[in-house]
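Comments concern the structure below.
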Amino acid sequence: ATYETPFAVGGLESDNAFDYSEYDLFTSLSYNAGFATLGVQYQYYGYPDTYSGSFQGISNAAGDSELGLTGAHELGITATIPLGALNLYAGYYYDLTVNGSYFQLAADYTVAVTDWLSIVPAVQAGYGIDYYSGANGPTYTGLGLATQTSGFTHVLFSISTPVKLTKIATLTPYVAWNFAGSTRNYMNATSDNEVFGGVKLSVNF
C-alpha cells in the first residue's frame, strides 16, 4: 500500500502530496559453522511509486537511473555471531541494478522478562559505496547539488519487545530512531533524523 507523507508544497503542508511504497521479496541459504551462521541471499525491492517516491502521482525523479527505479535486484553475504544473549551481525550487499554496494554491521541484546516476553535493544550502521547516492543520474547532478558517492548511510537505534504468541508465532512491537549518514542526509524528503515504529508478526514452520 502507498504511504502518504506530509510534504511542504508552496509553503503549505499537504497530507497527501508525497507517496512512497515498497515491497521486498527475498530468499536465502544459511550454513551453521559453529562459531557463526553464514548465509547468502537474493532480494528484490519493488518501488511502485519509484525509489524517490511520487508527487501527486508523478515520480519525483522520472527517468533517473537510480532514483526513478521501480525495482532492483540484490545479492548479499551475511554472518551472524551469537555470544550468549548478544548477537553480532555483518553483511555485504551488491545491487545488480545500480552496480552499487554497501556494508552493514549490527548488534542486539536479548533481555528475557518472562518465558514469552523479551526486551531487545539493537543498533545498526551502514556504509555505502556508490549505493543510491544520486550521483549517477540527472536529478541531483542536473540541479548542481553536492553528492557524495561513498560514506555512511545511517545509524539506527531500536528497542523491540517480542511476544511469543504460540510455538511458531511471535508478535514484535518496536520503536526506532534513524540518523541519516553523509550519503543520505541531502536526499531525505522529510528530515535527517526520524523516529518511527510498528508491529511485526513472524511465523516459523
Side-chain angles (χ1 to χ4, degrees), residues 3 20-47 51 72-95 100-129 131-132 150-185 187-188 190-205:
Y3 180 76
Y20 179 80
S21 54
E22 177 182 338
Y23 63 90
D24 301 338
L25 304 173
F26 70 93
T27 184
S28 64
L29 294 173
S30 62
Y31 171 72
N32 189 340
F35 72 97
T37 299
L38 308 177
V40 294
Q41 71 176 47
Y42 163 80
Q43 185 155 321
Y44 177 78
Y45 299 93
Y47 310 111
Y51 180 79
H73 304 270
E74 181 181 273
L75 295 177
I77 301 173
T78 62
T80 302
I81 303 174
L83 299 171
L86 175 68
N87 291 300
L88 303 177
Y89 307 92
Y92 171 76
Y93 307 87
Y94 187 83
D95 191 296
S101 60
Y102 70 97
F103 294 91
Q104 188 164 278
L105 296 175
D108 63 37
Y109 188 87
T110 301
V111 179
V113 179
T114 68
D115 58 353
W116 54 268
L117 174 66
S118 300
I119 299 174
V120 184
V123 61
Q124 179 191 99
Y127 187 94
I129 302 173
Y131 183 80
Y132 293 93
S150 299
F152 285 98
T153 56
H154 71 287
V155 176
L156 176 71
F157 298 95
S158 66
I159 296 179
S160 60
T161 55
V163 179
K164 188 174 182 181
L165 301 177
T166 68
K167 290 183 178 180
I168 63 171
T170 301
L171 186 69
T172 306
Y174 68 92
V175 63
W177 191 357
N178 186 71
F179 295 83
S182 57
T183 58
R184 286 293 183 271
N185 51 15
M187 296 175 66
N188 288 1
T190 53
S191 61
D192 290 346
N193 306 318
E194 294 182 318
V195 176
F196 62 94
V199 179
K200 297 184 293 185
L201 177 63
S202 61
V203 179
N204 297 313
F205 297 96

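Remember, predicted model here, so these are calculated numbers, not experimental data. Values reported hereafter were calculated over all heavy atoms of this structure, with side chains retained and with hydrogens, waters and symmetry mates removed.
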Stepwise side chain to side chain contact (heavy atoms under 4.5 Å, CB included) test for F103 and I129: CA-CA 8 Å; F103 294 91; I129 302 173; 3.7 Å; yes

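Summarising the geometry of A176 relative to S158, their closest heavy-atom pair is CB-CB, 3.8 Å, with the distance given to 0.1 Å. A pairwise comparison of heavy atoms in E22 and D24 identifies OE2-OD1, 2.8 Å as the closest pair. Contact record, Y20 with Y51: CE1-O, 3.5 Å, taken as the closest heavy-atom pair. Closest approach of L38 to A79, counting heavy atoms only: CD2-CB, 3.9 Å. The nearest pair of heavy atoms linking Y174 to S160 is CB-CB, 3.8 Å. Of all heavy-atom pairs between A107 and L86, the closest is CB-CD1, 4.4 Å.
Taking CD of Q124 as the start and CG of L105 as the end, the distance is 9.5 Å to the nearest 0.5 Å. Rounding to the nearest 0.5 Å places CG of D95 at 10.0 Å from CD of Q43. For the atom pair CG (D108) and CD1 (I119), the distance works out to 13.5 Å, reported to the nearest 0.5 Å. Taken from CG in N32 to OG1 in T37, the straight-line distance is 4.5 Å, to the nearest 0.5 Å. Atom CH2 in W177 sits 11.5 Å away from atom CD1 in I159 (nearest 0.5 Å).
For L29, the side-chain contact (heavy atoms from CB on, under 4.5 Å) partners are V40, not counting sequence neighbours.
No hydrogens or angles considered: nothing links the side chains of Y102 and Q104 as a donor-acceptor pair under 3.5 Å.
When side chains are defined from C-beta on, T153 does not count as touching Y132, because their heavy atoms never get closer than 4.5 Å. Considering only heavy atoms from C-beta on, V199 stays 4.5 Å or farther from L201 through its side chain.
Open room surrounds CZ on F26; 12 or fewer heavy atoms of other groups in view lie less than 6.0 Å from it. I81 CD1: more than 12 foreign heavy atoms inside a 6.0 Å radius. More than 12 heavy atoms of other residues, nucleotides or ligands sit less than 6.0 Å from atom OH of Y93.
Using a 30° and 60° split on the angle between ring planes, F157 and F179 fall in the perpendicular class, above 60°.
For residues 72-85, every residue pair satisfying the side-chain hydrogen bond (donor to acceptor under 3.5 Å, both in side chains) rule, not counting sequence neighbours, is listed here: Y42-H73, Y45-E74, E74-Y131.
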